[in-house]
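Data block below; observations after.
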Amino acid sequence: TGFALVLVVDGLVLLFARSRPFVAAALLLTIIATAGNLIYLLASYSTSGLPIISALAVIFGIYIALAQWRLLMEARMKS
C-alpha cells in the first residue's frame, strides 16, 4: 500500500539522504498517502464504521509529515 511505501522511503531518507530534495520528495509522498487514507476514512466511516487501520495510518502520517517538515526546514537553514 501507499502508506507502507511512505514508511520505507522515510526510513531511507532518515538513514541515507538528508538532502533537501529527498526530504521534500518524501514529504510529498507522505502527504499524498495520508490524504488518500483520510479520504478513505471519511468515505467509509458512514457505511462501515471506523476503519481503525486507516485511522492509525492518518495519525502516523500526520506525525511523519510534521517530522519531515521539520527536517526540511533544518536543511533549509543549513543552506
Hey, does Val9 have a side-chain heavy atom less than 4.5 Å from the side chain of Thr30?
no
Where the side chain of Thr47 meets the backbone of Ser44, is there a donor-acceptor pair that is under 3.5 Å apart?
yes
same_hphob_cluster(Ile32, Ile59) at 4.5 Å side-chain heavy-atom cutoff:
no
Quick one: do Phe22 and Leu5 end up in the same hydrophobic cluster if we chain Ile, Leu, Val, Met, Phe, Trp and Tyr together by side-chain heavy atoms under 4.5 Å apart?
yes
Kindly work out whether a path of hydrophobic side-chain contacts (I/L/V/M/F/W/Y, heavy atoms less than 4.5 Å apart) joins Leu56 to Val8.
no
Measure the shortest side-chain to side-chain distance between Leu42 and Leu38 over non-hydrogen atoms and say whether it is less than 4.5 angstrom.
yes
Rounded to the nearest 0.5 Å, how far apart are CH2 of Trp69 and CZ of Arg76?
7.5 Å
Answer with yes or no whether the hydrophobic clustering places Leu7 together with Leu41; edges join I, L, V, M, F, W, Y residues whose side-chain heavy atoms lie under 4.5 Å apart.
yes
With rounding to the nearest 0.5 angstrom, report the CZ to CD distance, Arg20 to Glu74.
13.0 Å
Hydrophobic cluster membership, Val58 vs Ile39, 4.5 Å side-chain cutoff
no
Looking only at non-hydrogen atoms, find the nearest pair between Ala33 and Val6 and report the distance.
CB-CG2, 3.5 Å
Can you name the closest pair of heavy atoms from Thr34 and Gly61 and give their distance?
OG1-CA, 3.3 Å
Show the numbers, then the answer: is there a side chain to side chain contact (heavy atoms under 4.5 Å, CB included) between Phe60 and Phe3?
CA-CA 9 Å; Phe60 285 122; Phe3 190 69; 3.7 Å; yes
Are any non-hydrogen side-chain atoms of Ile64 and Leu27 less than 4.5 angstrom apart?
no
Return the minimal non-hydrogen interatomic distance between Ala57 and Asn37, and the atom names on each side.
CB-ND2, 3.5 Å
Kindly indicate whether the side chain of Leu14, heavy atoms from C-beta on, has any atom under 4.5 Å from the side chain of Leu71.
yes
